[in-house]
2 protein chains.
Amino acid sequence: MPTTDKTREILAAALKVFARYGFKKTTMEDVAAEAGMTKSNIYFYVAGKRELYEHAIRNALIQWRDSVAEAISEKEDAVEKFRVMASMSFEYLSHQQDLRSILIMDPGIFTLSHAEDRFYEINQGAMLLIKDILLQGISEGRFYEVDVEHTTEFLFSIYIMFLIKTYVKSEGSSTFRMYEEGTALILRGLCRKDT
Amino acid sequence: MPTTDKTREILAAALKVFARYGFKKTTMEDVAAEAGMTKSNIYFYVAGKRELYEHAIRNALIQWRDSVAEAISEKEDAVEKFRVMASMSFEYLSHQQDLRSILIMDPGIFTLSHAEDRFYEINQGAMLLIKDILLQGISEGRFYEVDVEHTTEFLFSIYIMFLIKTYVKSEGSSTFRMYEEGTALILRGLCRKDT
DNA sequence: TATTTGAACAATTGAGTTATTTGTTCAAAT
DNA sequence: ATTTGAACAAATAACTCAATTGTTCAAATA
């Protein structure tokens, strides 16, 4: 299954239809109609319904991660990078209606368990963004010399937790205040001195 | 339904049987047999199967919260209280086999959503423990003047997240290291100066 | 050759039925 | 005030059957 243009069209169509009907209620004909072809032709590009679904989500998640990575790379300072990462990676979803709908219908996409994580490799990449910022901050003497591996996992877990609270469970707007207060608290715990 | 001795016996029997078979597979006759009476007599004390189940869990959760509260009250210092609360409330479950089994079979008991929380009042009490420690630490000038409400919710959410990761999802022992590293980081973010 | 299609096939699902189990009630007994 | 056995009602499990839908593939098309 090469990532050709046609494949991308199918993935986009699939994301839209899955967002509207959910995995179970979506038929391959729905996807085919949205993509402007017959359902049998879909099988020329993808292996099956479940694979199509996971592939469409995977695609969206990778775009998310990459746009955060790009935003981070525009900053020099480790503290600034941390702030951009925290806000950007959290708010990104509010602009992605389709992915959000899918998340609500399929809460298992975000899990607190590594074993259950269907998108582990992608999340590994996201954790690498955190880890690099920690390493930079430590080597520049701005952060305490924390246990980088465990702190990275800790921060990533909190991030996932907030995504679930905000976009899956749809808690009130107080979640945003909590997120700000929490990241400020943690950044204070990381930094050696206040300037 | 008065909380008489017989009621407590029934709740204890119920917790044990529900822990072994889960809610669905447990029959009222199983509970009755464990409690040494006939199933019709159970209805003299409890309103129904679902109520019995929730009541048994509620009971166990309240004991948990109260024993943490007692441990905290034995410390004077806000920082010490924080440390005791963090470790005690987290490790308590490792000694409660029945409650742990129930938690695994019924993951909805610990939720990241207030709306879905069947034990909200009990958790409100637990959050009050956090809040009081924050207030004490702030008034004594040891903690920064954080937003107490949001920080309390933030800390409690992290706590619930770790309970889920550790006891429901059964992640590896690295979760304990994460918890330690995380609480140390947060405590550093709370405290005005290192001594 | 690379794509696309319609028709056929196989697997899954949903509705409907029945028998059995189990939650709940209650009058009578202790 | 408690406890019980018998009866009833509700939920569940096992099964069937029809319809839907995922998947394959030989033939058509570009």
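Lettering follows sequence order; numbering is per chain, from 1.
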May I have the distance from [X] (atom [atom1]) to [N] (atom [atom2]), rounded to whole angstrom?
| X | N | atom1 | atom2 | value |
| --- | --- | --- | --- | --- |
| A:Leu52 | D:dG22 | CG | P | 11 Å |
| B:Phe44 | D:dT2 | CZ | C1' | 6 Å |
| A:Met37 | C:dG6 | CE | C1' | 16 Å |
| B:Lys6 | D:dA1 | NZ | C1' | 11 Å |

For the residue pair A:Lys165 and B:Ser157, confirm or rule out a side-chain donor-acceptor distance under 3.5 Å.
->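 Short answer, yes.
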
Heavy atoms of other groups near B:Glu29 CD, more than 12 under 6.0 Å =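 It does not: B:Glu29 CD has 12 such atoms or fewer within range.
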
Check whether any side-chain nitrogen or oxygen of B:Tyr45 sits under 4.0 Å from OP1 or OP2 of D:dT3, and answer yes or no.
->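 It does, given that an N or O in the side chain of B:Tyr45 lies less than 4.0 Å from OP1 or OP2 of D:dT3.
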
Under 3.5 Å on both distances, the Watson-Crick or G-U partner of C:dT20 =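 Across all strands, the one nucleotide that pairs with C:dT20 is D:dA11.
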
Partner nucleotide, any strand, of C:dA28 [Watson-Crick/G-U, under 3.5 Å] =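 D:dT3 is the nucleotide pairing with C:dA28.
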
Along DNA chain C (nearest heavy atom to each residue), the more 5'-positioned of A:Lys25 and A:Ile42 |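 Result of the comparison: A:Ile42.
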
When every nucleotide of nucleotides 23-30 of chain C is labelled 5' to 3' by its protein contacts under 4.0 Å (heavy atoms), B for base, S for sugar-phosphate only, - for none, what sequence of letters results?
-> BBBB----

Within 45° of the axis and under 6.0 Å from the centre of the six-membered ring of B:Phe23, does NZ or CZ of B:Arg50 qualify?
->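 Yes; both conditions hold, so B:Arg50 lies above the ring face of B:Phe23.
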
Could B:Arg58 and B:Phe119 be counted as a cation-pi pair, given that NZ or CZ must be under 6.0 Å from the ring centre and within 45° of the axis?
->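 Output no; distance or angle outside limits.
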
With under 30° as parallel and over 60° as perpendicular, where do the rings of A:His114 and A:Tyr120 fit, or are they tilted in between?
->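 Plane angle between 30° and 60°, so tilted.
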
Identified side chain to side chain donor-acceptor pair (under 3.5 Å) counterpart of A:Lys131 within the set A:Glu149, A:Gln136, A:Glu153 |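 Exactly one option meets the side chain to side chain donor-acceptor pair (under 3.5 Å) with A:Lys131, and it is A:Glu149.
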
